[in-house]
Amino acid sequence: MRIGIPRALYYYRYGALWKTFFSSLGCEVVVSPKTDRAILQSGIHYAIDESCLSAKIYLGHVAWLLGKCDLIFVPRMADMGRDKEFCLKFRALPDVVYNTFRTENVRLVTCDIAVRSGDSEMKAFAELGKKLGFKKQQVFNAYLLAKQAEQQAQAENTRKLEAALAKDDLKVLVSGHAYNIYDDYIGRPVMDAIRANHALPIPSDWVDRDSAWQSGGELTDTMPWMVNRELAGAAVQLRGKVDGIVLLSSFSCGPDSMTDEIMNRRLKNIPILTMTLDGQDGTAGMETRIESFVDILHLRKDGTVCL
Amino acid sequence: MPVSKYRQPLPQNCKISFPQFASYGIAMEHLIQKGLGMTYVMPPRMTRHTLELGARYAPDSVCAPFKLNLGCFLECIDEGADTLIQTGGTCRLGYYGELHEQILRDMGKDVRFVNFAECDFSHPKTFVDEFRELKPDLDLKRFSAAAVETVRMVNAIDEVDALFRRRIGFAEDPKAMEAIRTNWLRQLRLADGIKQIELLRKATVRLLESQKVNMPKHPIRVGVVGEFFTVMDPFSNHDIEYELAHMGVLVDRWMDMSNCMYHYRSRKMLPRIKEYAHYNMGATAMATIDAALHYAKSGFDGIIHVKSAGCTPEIDAIPALQNISADYHVPILYLSFDTQTSETGLNTRLEAFYDMISMRKQAHK
């Protein structure tokens, strides 16, 4: 069986888990290629105009997978507990994909993660395996291996963070959803621009998720979104260790429209650049902003300017 | 540091306010004044100024209700309110309170802020705790009696509004009908106890029904669906229901507070809409799809989808609505409201939609 996974949205968060789960069950996993202009264009074509850019990219990846696999994996993710909610986009994702590609006879396989309503991740994956026709024991074996792979990926990130913090370079925390930071078409140019200006970009997901979520509580009381809480927590943990923060959002992101504001208002004594990725061609505007921001950070570090 | 850490103790007689939302301010006033025995500052009628004020201090890309609420808070403070209330919710609404409070603090506004987003829906006691924060010596018996009356008030407001909506477009004397409604809301503010609320409601319903209407045999029927705040709040949606009624359209809207309270259940709705949605998308998106499908099946001539710009759950409902539109051959007009929406552009679209559905109706005769 060939399972298609769109290389977008939470692939960048749960990719190791998903891929290992399916391949341990003996499924062939097809991941769509890195985002390019064609995928973005097709996403824009299929998506509702007002959707956020990241969701548009997602639909572009789904479109790429049509006809290349038996089933496309689109999970529904509501929450992982109190104050661990996902953006509502992830609750609607299977239905959005189904309704958008109805005429293309899209075949989806989905699972429902909604911890507050009693559907834990383990239960969701057990049902997913059942839907695909595997035996219970097989499914749990695969899930266990998948969780191990997820932890390894997280440990790898922690190592990267330690190595980065040990360096003398100018460090910039890039605070944003992993699916924006690591996206080849919209996020990577920003990371490249930071590097080109002799600074070390540190993606916020290098900070351990659980500890970041905990630290998020120091900045905000009622923030309902898990990932945004982690972003806030990563900034809290690293604010003394990095020279500046870039808040990276995709255009018309719902949660970020509010959490960027709260971070700007509450994180004191550190320069912050708020940047919105709009998926337009041409990176000159972005490069100029990054260049001037990093320049200021360099001057600030040398003690030439006081901010 | 979370804002709530530097909360001051409550002054004895504080003036409480809550952002304006359709006509429900009357019910909120009742709850605060009768249930807590405190003063309520009725927010001034929302105007362009409210919106501009909110938009000036709110983040750019946040949804319009956030900006309106913020503008409303600022106007309430000018009216003397010193304690503000914000609710929680499953969408961005769940974070409104904390950001509103932060913005007001940064503006130097010295107000108390009670944020119901701190409550846990699975623990109803946390709601009482929140009210205790407003009034430490809360009389639970008195408060629950007032809460029951408040709910009844909301139901009554919704019932009268639904009747008004159905008839106003065909009234022989629309002015008289509007006067009945205005008077109803004015009198309801003075009502004390369930009996009075009921008597007023019955009298108003009778008055509205006694008004002459010239209803054609097959009127043009339009169902209005969409996002919780914008679809219910006439200021937010430029009162499109009123505009439609004046074109001679029978307007129906499922979404109101009462229906949300009693009939918004996944278990009931998901089986009905299983062709278009398998999961609850959050906020009011499921109700939007359910109501739209109901209108489509009942042979309505058109559907209007109303939301604030960028509203995620409603955006995610649109692909389902598009399929409903294709399957049942019913036109849907999609309207997004933000702080820039122009009256002229909106009216042109409404008129064009009306022309189209009325021509279709002629052709199908």
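A note on names: the letters A, B, ... follow the listed sequences, proteins ahead of strands, and every chain is numbered from 1. None of the values given here were measured: they were computed from a predicted structure.
- Put simply, of B/A317, B/G97, B/A277, B/G310, the one with the most heavy-atom pairs under 4.5 Å next to chain A is B/A277.
- Proximity to chain A (any heavy atom under 4.5 Å) is shown, for B/I103, by both the backbone and the side chain.
- The two residues B/V62 and A/S257 come nearest to each other via the heavy atoms CA-OG, 3.8 Å.
- Remark: B/E98 CD to A/M223 CE distance equals 7.0 Å, nearest 0.5 Å.
- Interface residue A/S51: backbone and side-chain heavy atoms are both found under 4.5 Å from chain B.
- Rounding to the nearest 0.5 angstrom, the gap separating the CD atom in A/E261 from the CD atom in B/Q102 is 9.0 Å.
- Within residues 323-332 of chain B, the residues having any heavy atom less than 4.5 Å from a heavy atom of chain A are, in residue-number order, B/N323, B/D327.
- When the candidates A/T259, A/D79, A/T100, A/D112 are compared by the number of heavy-atom contacts under 4.5 Å with chain B, A/D112 comes out ahead.
- Heavy-atom neighbours of B/K125 NZ from other residues, nucleotides or ligands within 6.0 Å: at or below the threshold of 12.
- The shortest side-chain heavy-atom distance between B/R92 and A/W225 falls under the 4.5 Å cut-off.
- Remark: A/M122 CE is loosely packed, at most 12 non-hydrogen atoms of other residues, nucleotides or ligands lying under 6.0 Å away.
- In this structure a side-chain-to-backbone donor-acceptor pair under 3.5 Å is missing from B/D316 to A/A92.
- The salt bridge (charged side-chain N to carboxylate O under 4.0 Å, His left out) analysis of residues 224-237 of chain A, with sequence neighbours excluded, yields the pairs A/R13-A/E230, A/D83-A/R229.
- Rounded to the nearest 0.5 Å, atoms OG (B/S61) and CG (A/D256) are 8.5 Å apart.
- Close approach to chain A, defined as a heavy atom under 4.5 Å from one of its heavy atoms, is seen in B/M281, B/G282, B/A283 of residues 281-293 of chain B, taken by number.
- A distance of 13.5 Å separates OH of B/Y96 from OG1 of A/T222, quoted to the nearest 0.5 Å.
- For CG of A/D70, the number of neighbouring non-hydrogen atoms (other residues, nucleotides, ligands) closer than 6.0 Å is greater than 12.
- Using a 4.5 Å cut-off between heavy atoms, B/Q322 touches chain A through its side chain atoms alone.
- In this structure, A/T220 and B/Y95 have side chains that are in contact, with non-hydrogen atoms separated by less than 4.5 Å.
- Considering CG of A/D95 and CD1 of B/I273, their distance stands at 8.0 Å, rounded to 0.5 Å.
- For chain B, the option among A/R102, A/K89, A/R116 with the highest count of heavy-atom pairs below 4.5 Å is A/R102.
- Other residues, nucleotides and ligands contribute more than 12 heavy atoms inside 6.0 Å of the OH atom of B/Y264.
- In this structure, B/R267 places its CZ atom where only 12 or fewer heavy-atom neighbours from other residues, nucleotides or ligands lie under 6.0 Å away.
- Although no hydrogens or angles enter the test, the distance criterion places a donor-acceptor pair under 3.5 Å between the side chain of A/N99 and the main chain of B/Y276.
- Neither the backbone nor the side chain of B/A58 has a heavy atom closer than 4.5 Å to any heavy atom of chain A.
- Other residues, nucleotides and ligands place more than 12 heavy atoms under 6.0 Å from the NZ atom of A/K131.
- Both the backbone and the side chain of B/N280 come within contact range of chain A, judged by heavy atoms closer than 4.5 Å.
- The shortest side-chain heavy-atom distance between B/P59 and A/M258 does not fall under the 4.5 Å cut-off.
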Donor-acceptor list for residues 234-241 of chain A side chains, cut-off 3.5 Å, not counting sequence neighbours:
from   : atom 1 : to     : atom 2 : distance (Å)
A/Q237 : NE2    : A/S211 : O      : 3.2
A/Q237 : NE2    : A/S211 : OG     : 3.1
A/Q237 : NE2    : A/S215 : OG     : 2.8

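- Inter-residue side-chain proximity for A/R265 and B/R105 is flagged as unmet; no heavy-atom pair is nearer than 4.5 Å.
- Within a 6.0 Å sphere centred on CZ of A/R107, other residues, nucleotides and ligands contribute 12 heavy atoms or fewer.
- Between B/L99 atom CG and A/I262 atom CD1 the span is 4.5 Å, to the nearest 0.5 Å.
- Using a 4.5 Å cut-off between heavy atoms, A/L88 touches chain B through backbone and side chain atoms alike.
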* To do: Apply the test side-chain contact (heavy atoms from CB on, under 4.5 Å) to residues A/T110 and B/Y279: give CA-CA distance (whole Å), side-chain angles for both, the deciding distance (0.1 Å), then the verdict.
  => CA-CA 11 Å; A/T110 178; B/Y279 298 109; 3.4 Å; yes

